[in-house]
Amino acid sequence: MTDGTSWEPLRRELDRWQAAGRLARFWLRDDDAVEPTPDLERLLALTGESGIPLTLAVIPALTGEGLAARLTKETGVSVAVHGWSHINHAGPERKKQELGNERSADVVLGELGEGFRLLQRLHPAGFLPVLVPPWNRIDAALIPALPGLGFRALSIYGRAKEGSPIPLLNTHVDMIDWHGTRGGRSEEELVAELRDRFAGSDEPIGVLAHHLVHDAAAWKFLSALFALTSRHPAVLWSPAGALLDH
């Protein structure tokens, strides 16, 4: 699935890393899981067949025993805390945000603590103490309190900035065209972003998926990405938990 010329820039970059004896670390985050669905089954099958570790950002208020029972059958899947209810509390003129300053910090942090404990109970083997804010946004004033709730890292979008009061495990390449088709972005554009992520940083490259809105283009891209990288000697797909220890 990666025979087309659109994948050549990434293939050449990985070959350069191999020649230099370097290893590129990748990790996969998929947002908004709440229950077993055909799309989730497709994602689990794809990652399982390719040997790709998967982190599901699960919405605590909307999930339950159904997803927990399904994931007990999976060994390569971890579960992170995707806010509380994925409800937008920002005003109409602001970007969507659940974890903003529209409500008191005590209320927001109380919900996050409840979500942490719930997912820890539902997924004892796969629970990952990482907060994934809905829409990748969180009020900066809340971040220093996250370790006190048990969180070991925060996962948002973009290159990690220095000086964070909690380690950052970010994603960098979002497969979905949220402001256009709301389906998969073009293969050429995504490959270019992946290639550019190699420049000037050894930060693990986070690929961001949303299985519930994947169209044919998104599934095709993910399959082709796994086919190329899972067999390339310059690539290591890491479980998110392993990246917290580095």
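This is a predicted model, so every value here is computed, not measured.
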Residues forming a side chain to side chain donor-acceptor pair (under 3.5 Å) with [X], sequence neighbours excluded:
{"X": "Arg152", "result": "Asp245"}
{"X": "Gln120", "result": "none"}
{"X": "Gln97", "result": "none"}
{"X": "Arg12", "result": "none"}

Measure up the Phe221 and Trp7 rings against each other and bin them: parallel (under 30°), tilted (30 to 60°), perpendicular (over 60°).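 If you compare the ring of Phe221 with that of Trp7, the planes turn out parallel.
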Is there a path from Leu142 to Trp135 through hydrophobic residues (I, L, V, M, F, W, Y) whose side chains come within less than 4.5 Å of each other?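 Different hydrophobic clusters.
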Linking I/L/V/M/F/W/Y whenever their side-chain heavy atoms sit closer than 4.5 Å, directly or via other members, would Leu10 and Leu208 fall into one cluster?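 Looking at the clustering, Leu208 is in a separate group from Leu10.
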If you take all heavy atoms of Glu188 and Ser6, which pair is closest and at what distance?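 That closest heavy-atom pairing would be OE2-CB, 3.6 Å.
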Taking only residues two or more places apart in sequence or in another chain, which ones pass ring-ring contact (aromatic ring centres under 6.0 Å, His included) with His172?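 So His172 forms no ring-ring contact (aromatic ring centres under 6.0 Å, His included) with any residue.
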Which residues pass the ring-ring contact (aromatic ring centres under 6.0 Å, His included) test with Tyr157, sequence neighbours left out?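 Partners of Tyr157 under the ring-ring contact (aromatic ring centres under 6.0 Å, His included) test: none.
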With salt bridge (charged side-chain N to carboxylate O under 4.0 Å, His left out) as the rule and sequence neighbours excluded, what pairs involving residues 86-99 come up?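 Of all non-adjacent pairs touching residues 86-99, those that pass salt bridge (charged side-chain N to carboxylate O under 4.0 Å, His left out) are Arg94-Glu102.
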Suppose the criterion is salt bridge (charged side-chain N to carboxylate O under 4.0 Å, His left out): which pairs have a residue in residues 32-58, not counting sequence neighbours?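 Of all non-adjacent pairs touching residues 32-58, those that pass salt bridge (charged side-chain N to carboxylate O under 4.0 Å, His left out) are Glu41-Arg70.
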For residues 52-68, please give each side-chain donor-acceptor pair under 3.5 Å, one per line with the distance, not counting sequence neighbours.
| unit_1 | atom_1 | unit_2 | atom_2 | d |
| --- | --- | --- | --- | --- |
| Thr55 | OG1 | Ser78 | OG | 2.9 |
| Thr63 | OG1 | Val34 | O | 2.7 |

Pair Arg29, Leu169 - check side-chain contact (heavy atoms from CB on, under 4.5 Å), show working. CA-CA 10 Å; Arg29 194 186 98 198; Leu169 182 60; over 6 Å; no
Contacts of type side chain to side chain contact (heavy atoms under 4.5 Å, CB included), residue Glu162, not counting sequence neighbours: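 Listed in chain order: nothing, the list is empty.
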Can you list the residues that meet the side chain to side chain contact (heavy atoms under 4.5 Å, CB included) rule with Thr75, with sequence neighbours excluded?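 Per chain and number, Thr75 pairs via side chain to side chain contact (heavy atoms under 4.5 Å, CB included) with no residue.
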Donor-acceptor pair, distance only, cut-off 3.5 Å: does the side chain of Trp27 make one with the backbone of Asn170?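 Confirmed, Trp27 side chain pairs with Asn170 backbone.
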Expected list for residues 109-117: side-chain donor-acceptor pairs under 3.5 angstrom, two or more places apart:
| unit_1 | atom_1 | unit_2 | atom_2 | d |
| --- | --- | --- | --- | --- |
| Glu111 | OE1 | Arg103 | NH1 | 3.2 |
| Glu111 | OE1 | Arg103 | NH2 | 3.1 |
| Glu111 | OE2 | Arg103 | NH1 | 3.0 |
| Arg117 | NH1 | Gly113 | O | 3.3 |

Could you walk me through whether Val207 and Leu194 satisfy the side-chain contact (heavy atoms from CB on, under 4.5 Å) test, starting with their C-alpha distance in whole Å, then the side-chain angles of each, then the deciding distance to 0.1 Å, before giving a yes or no? CA-CA 9 Å; Val207 176; Leu194 284 167; 4.3 Å; yes
Carefully, step by step, assess Arg197 and Arg159 under the rule side-chain contact (heavy atoms from CB on, under 4.5 Å). CA-CA 9 Å; Arg197 278 294 312 152; Arg159 184 161 291 185; 2.8 Å; yes
